[in-house]
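Read through the structure below, which is laid out as structure tokens, and then see the notes.
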Amino acid sequence: MKRLNLLLILAGFIMVSNQGLAQFSISKVPSEADTRLKKDSVKPISAVSNEFFSEARFRAEKRRLRKERNTLTCTVGLNLNQTKFDNWAPGGVNTFSGVASLLFNHVYQRDRLRLATRLDSKYGMNVISGKTFKNIDYFILNVNSAWNISRCWAYSASVDLRSQWTKGFRSADDKTMVSNIMSPGTLALGVGFTFRALKKDNTACKVPIVITVNPLSGSMTFVLSDTLSKQGVAGVEPGKHQKSALGSTMRIDLNQPIAKSKLNYITYFYVSTNYEKNNYVEWQNTLNIKITQIINASAFCRMIYNEVQPTPRNKPLQWNYTFGLGVAYTFKNK
């Protein structure tokens, strides 16, 4: 009996020991929530997709920036005048005249950098009693590069080129040549400051004046025509084609719309002086009166003071006036 009890006690002890081993040797079985959490925390790596890039959107953004940074204005005009007499008792001379004009302005603005290009040109012909004679001919190309240092002031460097397009003669009857393309022609390079009248929001003031002062400027006068070079025109020594000088320049520009752009006043003042005391001053004034979308009347006055250019009365001061009715069209990108 004792043996039977001992066997039963041993069997119970062995069963209790096996249950304890099972509790400490088998890991905890995770619940369903833990299993889902571990599966979601490890995500497979997929290839990067570039489907967000749009070629059309990229091009549209480039066009927007191009339009924002570039301001373009181009005005072309043509004025015609004719006087005709037929069996007219008091007498008279048949005349016909035409003047073509071009005014091109382009401004590139990006952050502090501002690059302004301006081309102003006029060309006119007279026909008097069947004789053709050029009455006006010039072009002025100015490029100004500026780096803003404040709202209105900027460091600047400018290039100014001026001359005429074709041959010029003394009169309709006298075919003595007095000018030709780049004969004479002037190229001026200068560094200095530029002032632009701007409001606090960087928009133009009511009087949008621009002043460029170049305390240090170098000018070169060209006479490329051999015929005129031999005569020693424009202060260039006879037989030579170029002359250089150091000095200073100043330029003032104003393009003022009046009466809601029905009138437009454009003035341009330029003065150049060098250490040889050969001063050059030019002042242009244009008043455009808009009648319809393309028909306008214009008054033009040009004054030149040139100490080295010969004139019919041997005086340095020269004047030119024109008034006409014609057509003009202005293109703007803004």
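Positions are given from 1 along the sequence. Owing to the predicted nature of the structure, the values given are computational and were not obtained by experimental measurement.
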(Q) Checking Y280 against S219 for the side chain to side chain contact (heavy atoms under 4.5 Å, CB included) test, could you report, in this order, the C-alpha distance in whole Å, the side-chain angles of both residues, the deciding distance, and whether it holds? (A) CA-CA 11 Å; Y280 178 88; S219 64; over 6 Å; no
(Q) Working note: F269 + V281, criterion side chain to side chain contact (heavy atoms under 4.5 Å, CB included); need CA distance, chi angles, decisive distance, verdict. (A) CA-CA 8 Å; F269 180 82; V281 181; 3.8 Å; yes
Q: Go through the steps for S248 and S217 under the test side chain to side chain donor-acceptor pair (under 3.5 Å), then give the verdict.
A: CA-CA 5 Å; S248 58; S217 176; over 6 Å; no
Q | Stepwise side chain to side chain contact (heavy atoms under 4.5 Å, CB included) test for N79 and T322 | A | CA-CA 10 Å; N79 289 345; T322 60; over 6 Å; no
Q: Could you give me the CA-CA distance, side-chain angles and deciding distance for L103 and I266, then say whether side chain to side chain contact (heavy atoms under 4.5 Å, CB included) is met?
A: CA-CA 11 Å; L103 182 59; I266 302 173; 3.6 Å; yes
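The environment of CZ in R110 is sparse: at most 12 heavy-atom neighbours from other residues, nucleotides or ligands sit within 6.0 Å. Counting non-hydrogen atoms of neighbouring residues, nucleotides and ligands closer than 6.0 angstrom, the CZ atom of R313 reaches no more than 12 such neighbours. For CZ of R151, the number of neighbouring non-hydrogen atoms (other residues, nucleotides, ligands) closer than 6.0 Å is greater than 12. Applying the 6.0 Å contact sphere to CD of E237 captures no more than 12 heavy atoms from other residues, nucleotides or ligands. Enclosure of atom NZ in K332 is not indicated, since only 12 or fewer non-hydrogen atoms of other residues, nucleotides or ligands lie within 6.0 angstrom. The neighbour count for Q82 CD, taken as heavy atoms of other residues, nucleotides or ligands under 6.0 Å away, is above 12. Enclosure of atom NZ in K134 by more than 12 non-hydrogen atoms of other residues, nucleotides or ligands within 6.0 angstrom is indicated.
Annotation: cation-pi pair R162/Y270 present, NZ/CZ under 6.0 Å from the ring centroid and within 45° of its normal.
The main-chain N or O of T267 is never found under 3.5 Å from a side-chain atom of Q284 such that the two would form a donor-acceptor pair. Checked by atom type and distance alone, the side chain of Q242 never pairs as donor or acceptor with a backbone atom of V236 at under 3.5 Å. Between the side chain of S163 and the main chain of M182, a donor-acceptor pair closer than 3.5 Å is present. A donor-acceptor distance shorter than 3.5 angstrom exists from the side chain of D137 to the backbone of T166, with no hydrogens or angles considered.
With values rounded to the nearest 0.5 angstrom, C301 atom SG is found 7.5 Å from W283 atom CH2. Separation of atoms CZ (F193) and CD1 (I211) is listed at 14.0 Å; rounding is to 0.5 Å. Considering OG of S298 and CD1 of I289, their distance stands at 8.5 Å, rounded to 0.5 Å. Within the model, atoms CG of L115 and OG of S156 stand 12.0 Å from one another, a figure rounded to the nearest 0.5 Å. Rounding to the nearest 0.5 angstrom, the gap separating the NZ atom in K240 from the OG atom in S229 is 10.0 Å. N180 CG to L228 CG: the interatomic distance, rounded to the nearest 0.5 Å, is 7.0 Å.
Residues V159 and L161 fail the side-chain proximity criterion, which asks for heavy atoms closer than 4.5 Å. The side-chain heavy atoms of P316 and N306, taken from C-beta on, include no pair separated by under 4.5 Å. Annotation: side chain of N285 is in contact with side chain of Y265 (closest heavy-atom distance under 4.5 Å). The side-chain heavy atoms of R251 and Y268, taken from C-beta on, include a pair separated by under 4.5 Å. Side chains of M303 and L317 form a contact here, defined as non-hydrogen atoms less than 4.5 Å apart. Using a 4.5 Å heavy-atom cutoff, the side chains of T71 and Q109 are not in contact. Contact annotation: the side chain of K334 never approaches that of T73 to less than 4.5 Å [non-hydrogen atoms, C-beta and beyond]. At least one side-chain heavy atom of L65 sits under 4.5 Å from a side-chain heavy atom of E68.
The two residues I291 and A297 make their nearest non-hydrogen contact at CD1-N, 4.2 Å. Taking each heavy atom of N333 and N70 in turn, the nearest pair found is ND2-O, 2.9 Å. The two residues W165 and I181 have their closest heavy-atom pair at O-CB, 3.5 Å. Nearest heavy-atom pair across I149 and Y155 is CG2-CE1, 3.2 Å. Among all heavy-atom pairs drawn from N264 and Q256, the shortest one is OD1-O, 3.2 Å. The shortest heavy-atom contact between S97 and N126 is CB-OD1, 2.9 Å.
Placement of I136 and L119 in two distinct hydrophobic clusters is found when ILVMFWY residues are connected by side-chain heavy-atom separations under 4.5 Å, directly or transitively. Both I209 and V213 are assigned to one and the same hydrophobic cluster, defined by single-linkage of ILVMFWY side chains at heavy-atom distances under 4.5 Å. Both F104 and L141 sit in one connected hydrophobic cluster of ILVMFWY residues. Membership requires side-chain heavy atoms under 4.5 Å apart, directly or through other members. Using a 4.5 Å cut-off between side-chain heavy atoms of Ile, Leu, Val, Met, Phe, Trp and Tyr, with links allowed through other members, V223 and M177 fall into the same hydrophobic cluster. Connection of L325 to L263 is not established within any shared hydrophobic cluster, with ILVMFWY side chains joined at heavy-atom distances below 4.5 Å, either directly or through further cluster members.
A donor-acceptor contact closer than 3.5 angstrom links the side chains of D174 and T176. Side-chain N/O atoms of E282 and Y138 include no donor and acceptor closer than 3.5 Å. No side-chain donor-acceptor contact under 3.5 Å links S225 and S183. T249 and N214 share a side-chain donor-acceptor pair at under 3.5 Å.
R57 and E61 are not joined by a salt bridge, as no carboxylate oxygen comes within less than 4.0 angstrom of a charged side-chain nitrogen.
Separation of the F300 and Y321 ring centroids does not fall under the 6.0 Å cut-off.
Using a 30° and 60° split on the angle between ring planes, W153 and F195 fall in the tilted class, from 30° to 60°.
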